[in-house]
**Q** 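Got a structure for you, written out below as structure tokens; questions coming shortly.
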Amino acid sequence: MEVDVLIVGGGPAGLSAALILGRCHRKALLCDEGHQRNMASHAIHGLLGREGRSPAAFLEEARQELTRYKSVSLRGTRVTGITPIGNEFEFVCADGTTGIASKVLLATGLVDELPELAGIEPLYGVSVHHCLYCDGFEYAGKPVAAFGKGDKGAELAIMMKHWMADVVACSGGTEVSAQATLKLKAQGIPLRLEPIDNLEGTNGELTRIVFQSGPDLPRAGLFFSTGCHQASDLSKSLGCKRGAKGSVVTDPDTDETSVPGVYVAGDMSRDVLLVAVAIAEGAQAAVAINKAFLRRDGFCE
Ligand SMILES: Cc1cc2nc3c(=O)[nH]c(=O)nc-3n(C[C@H](O)[C@H](O)[C@H](O)COP(=O)(O)OP(=O)(O)OC[C@H]3O[C@@H](n4cnc5c(N)ncnc54)[C@H](O)[C@@H]3O)c2cc1C
């Protein structure tokens, strides 16, 4: 199969790029393994025009919109290898699809590192969250906890005070510096240093935090500060230069990575990690790619 653009990843960034490329009559193949980062969540917040839509419904709607563009095709598979050959790229997918692409857009997203807390899985995305911009608003007036090891939980708790009045910082049995403890005191935020035994809840709603010692803490929500990493090694194996926090460095003028013909968009660029930004970055990369084709074909300077 020969395509103008191979898009790797079918989250908001990849789908947005596919839409713009389709509208530019570019032959694009989008391959998606289907582990979009927010699939544990029930509702997308902060997305203009789509407030509260479930991630699954949003993606389905976006995929449906793409059916109008006959030059765009979608495959539910993992891209396992991309090799530069001259000015093009040879690619291989887990389902046996192989082909040649003139350009590659990586929109492979990130994977969150969940804190190791017993009972977290059924609560994650419903009442246990990592992003205040995504879910903080819904907890105004409710009792919440901030979890993070060392000073991380304390720093998060202080920030959360802007969104919620009743915040307790939990360090999960790790030490918190004297300086951070003083800051918590100044903000009137209690600190629980004891190791957490488990999180209790029903139907995804957190009800209490159970500590290995000391009284339980009734809470309606918990925000955590851990970390995340790239979902795919493709940018690494292609030799794209990386910057701080594992981001992929791009040229501000061409939006290209250090490997000519390879572009990135969405969370993997590690700019602001929101659906709205992923959509915008996907569109921006698609425009940059189309401009590169227009230049190549003598339609513009
Ligand atoms: C629990 C949770 C809740 C969130 N809530 C909100 C919210 O309310 N509002 C908001 O704006 N943002 C929210 N976010 C952030 C939002 O999910 C991301 O900003 C957004 O999904 C980024 O889109 P993306 O396209 O860059 O990556 P993703 O949506 O993660 O999509 C990347 C896709 O690429 C695929 N992929 C990876 N490697 C390969 C490969 N080699 N081959 C093929 N496919 C591959 C993945 O499987 C995945 O399907 C939330 C995040 C989480 C974790």
Side-chain angles (χ1 to χ4, degrees), residues 6-19 29-60 62-63 74-82 91-95 97 101 104-115 120-139 204 221-224 226-238 247-248 263-286:
L6 170 70
I7 301 171
V8 191
L15 291 166
S16 167
L19 174 64
L29 172 67
L30 182 152
C31 295
D32 180 41
E33 206 187 7
H35 300 309
Q36 287 83 0
R37 196 173 153 226
N38 58 350
M39 288 307 270
S41 165
H42 287 189
I44 302 174
H45 296 299
L47 181 61
L48 197 64
R50 286 289 183 277
E51 179 56 36
R53 181 75 102 250
S54 82
F58 170 81
L59 292 170
E60 187 43 43
R63 285 191 284 259
L74 270 54
R75 274 185 201 204
T77 184
R78 180 172 185 81
V79 177
T80 52
I82 304 176
F91 61 88
V92 186
C93 302
D95 69 352
T97 305
V104 170
L105 172 61
L106 301 175
T108 47
L110 298 172
V111 174
D112 291 277
E113 288 146 18
L114 289 194
I120 194 172
E121 294 284 341
L123 310 176
Y124 179 54
V126 185
S127 58
V128 173
H129 313 275
H130 71 287
C131 171
L132 286 163
Y133 295 94
C134 302
D135 297 291
F137 182 85
E138 277 63 35
Y139 289 89
L222 179 144
F223 285 76
F224 62 84
T226 44
C228 43
H229 58 264
Q230 294 285 349
S232 159
D233 277 342
L234 288 172
S235 66
K236 204 173 177 184
S237 61
L238 275 162
S247 64
V248 178
Y263 298 72
V264 295
D267 277 7
M268 70 165 296
S269 76
R270 303 206 72 146
D271 199 345
V272 175
L273 306 180
L274 288 175
V275 172
V277 177
I279 292 171
E281 288 185 9
Q284 191 173 321

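This one's a predicted model, so the numbers in the text were calculated from it and none came from an experiment. Numbering of ligands and ligand atoms starts at 1, following listing order.
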**Q** Note the single closest protein heavy atom to atom 11 (O) of ligand 1, along with its residue, its atom name and the distance in Å.
**A**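 Going atom by atom, the protein heavy atom closest to atom 11 (O) of ligand 1 ends up being Val275 N, 2.8 Å.
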**Q** Consider ligand 1: state whether an atom of it lies below 4.0 angstrom from any non-hydrogen atom of His130.
**A**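 A heavy atom of His130 does come that close to ligand 1.
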**Q** Can you pull out the closest protein heavy atom to atom 50 (C) of ligand 1? Residue, atom name and distance to 0.1 Å, please.
**A**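 Of every protein heavy atom, Asn38 CB, 3.6 Å lies nearest to atom 50 (C) of ligand 1.
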**Q** Minimum distance, heavy atoms only, to atom 32 (C) of ligand 1: which one of Ala107, Ala231, Cys134 is it?
**A**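 Answer by nearest heavy atom: Ala107.
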**Q** Please say whether Arg37 places an N or O atom under 3.5 Å from an N or O atom belonging to ligand 1.
**A**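 Yes.
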**Q** Please identify which of these residues, Asp267, Val275, Val111, meets the side-chain contact (heavy atoms from CB on, under 4.5 Å) condition with Arg37.
**A**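 The option that passes is Asp267.
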**Q** Which one holds for Cys93 and ligand 1: side chain close, backbone close, both close, or neither close, with close meaning a heavy atom under 4.0 Å?
**A**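 The answer is neither; Cys93 stays 4.0 Å or more away.
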**Q** Using a strict 4.0 Å cut-off to heavy atoms of Ile44, name the atoms of ligand 1 that fall inside it.
**A**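 Going through ligand 1 atom by atom, the ones under 4.0 Å from Ile44 are 8 (O), 9 (N).
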**Q** Quick one: does ligand 1 sit under 4.0 Å from the side chain of Tyr133, the backbone, both or neither, non-hydrogen atoms only?
**A**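 None of Tyr133 does.
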**Q** With backbone taken as N, CA, C and O and side chain as the heavy atoms from C-beta onward, which portion of Asp112 lies under 4.0 Å from ligand 1: side chain, backbone, both, or neither?
**A**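 Just the side chain.
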**Q** When you look for heavy atoms under 4.0 Å from ligand 1, do you find them on the side chain of Met268, its backbone, both, or neither?
**A**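 For Met268, there is no contact with ligand 1 at all, from either part.
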**Q** Do ligand 1 and Gln36 have nitrogen or oxygen atoms that lie under 3.5 Å from each other?
**A**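 It does: an N or O of Gln36 is found under 3.5 Å from an N or O of ligand 1.
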**Q** Looking at OG of Ser127 and NE2 of His42, how far apart are the two atoms once the value is rounded to the nearest 0.5 Å?
**A**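 Going from the OG atom of Ser127 to the NE2 atom of His42 covers 9.5 Å.
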**Q** Go through it in stages, so that I can follow the logic: the residues are Ser269 and Glu281, the test is side-chain hydrogen bond (donor to acceptor under 3.5 Å, both in side chains), and I'd like the CA-CA distance, side-chain angles, deciding distance and then a yes or no.
**A** CA-CA 9 Å; Ser269 76; Glu281 288 185 9; 2.9 Å; yes
**Q** In the protein, what heavy atom is nearest to atom 15 (C) of ligand 1, and what distance, to one decimal place, separates them?
**A**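 The answer is Leu273 O, 3.7 Å.
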**Q** Out of Ala278, Ala265, Gly11, whose heavy atom is nearest to atom 31 (O) of ligand 1?
**A**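 The residue whose heavy atom sits nearest atom 31 (O) of ligand 1 is Gly11.
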**Q** Heavy-atom pairs closer than 4.0 Å: do any link ligand 1 to the side chain of Pro12, the backbone, both, or neither?
**A**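 It is both parts that get close, each with some atom under 4.0 Å.
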**Q** Please report which non-hydrogen protein atom sits nearest to atom 25 (O) of ligand 1, along with the residue it belongs to and the distance in Å to one decimal place.
**A**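 Scanning the protein heavy atoms, the shortest distance from atom 25 (O) of ligand 1 goes to Ala13 N, 3.0 Å.
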**Q** If you measure from CG on Asp135 to NE2 on His45, what distance do you get to the nearest 0.5 Å?
**A**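 One finds 5.0 Å between CG of Asp135 and NE2 of His45.
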**Q** Check each atom of ligand 1 against the heavy atoms of Leu234 and keep those under 4.0 Å away; list them by number with element.
**A**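 With Leu234 as reference, the close atoms of ligand 1 come out as 41 (N).
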**Q** Out of Leu30, Leu105, Ile82, Leu106, which one pairs with Leu6 under the side-chain contact (heavy atoms from CB on, under 4.5 Å) rule?
**A**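 Exactly one candidate clears the test, Ile82.
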**Q** Can you list the ligand 1 atoms lying under 4.0 Å from a non-hydrogen atom of Thr77?
**A**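 This gives 43 (C) as the contact atoms.
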**Q** Within this structure, what is the CG-CZ distance for the pair Leu74 and Arg63, rounded to the nearest 0.5 Å?
**A**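 With rounding to 0.5 Å, CG (Leu74) is 7.5 Å from CZ (Arg63).
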**Q** Please report which non-hydrogen protein atom sits nearest to atom 27 (O) of ligand 1, along with the residue it belongs to and the distance in Å to one decimal place.
**A**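 For this ligand atom, the closest protein heavy atom is Gly109 CA, 3.7 Å.
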**Q** When you measure from the heavy atoms of Leu47 to every atom of ligand 1, does any distance fall below 4.0 Å?
**A**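 Checking ligand 1 against Leu47, which is what was asked, there is no heavy-atom contact under 4.0 Å.
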**Q** Considering only heavy atoms of Ser41, which atoms of ligand 1 have at least one such atom less than 4.0 Å away?
**A**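 It comes down to these atoms of ligand 1: 3 (C).
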**Q** Give a yes/no verdict on whether any heavy atom in Ser16 is under 4.0 Å from an atom of ligand 1.
**A**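 Distance cut 4.0 Å: Ser16 fails for ligand 1.
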**Q** Identify the closest protein heavy atom to atom 47 (O) of ligand 1: which residue and atom is it, and at what distance?
**A**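 For atom 47 (O) of ligand 1, the nearest protein heavy atom is His35 N, 2.8 Å.
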**Q** So is Ala40 in contact with ligand 1, going by heavy-atom distances below 4.0 Å?
**A**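 Contact check Ala40 vs ligand 1: negative.
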**Q** Could you check atom 19 (O) of ligand 1 against the protein and tell me its nearest heavy-atom contact, residue, atom and distance included?
**A**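 Checking every protein heavy atom, the shortest distance to atom 19 (O) of ligand 1 gives Asp267 OD1, 2.9 Å.
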**Q** Contact between Asp112 and Tyr124 at the side-chain level, heavy atoms closer than 4.5 Å - yes or no?
**A**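 Side chain of Asp112 against side chain of Tyr124, heavy atoms only: contact under 4.5 Å found.
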**Q** List the closest protein heavy-atom neighbour of atom 1 (C) of ligand 1: residue, atom name, distance to the nearest 0.1 Å.
**A**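 Protein heavy atom at minimum distance: Tyr124 OH, 3.6 Å.
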**Q** Looking at ligand 1, would Leu15 count as a contact under a 4.0 Å heavy-atom criterion?
**A**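 Outside the 4.0 Å threshold, so no.
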**Q** For atom 42 (N) of ligand 1, which candidate among Asp32, Val79, Leu59, Ile7 holds the nearest heavy atom?
**A**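 Shortest heavy-atom distance from atom 42 (N) of ligand 1: Val79.
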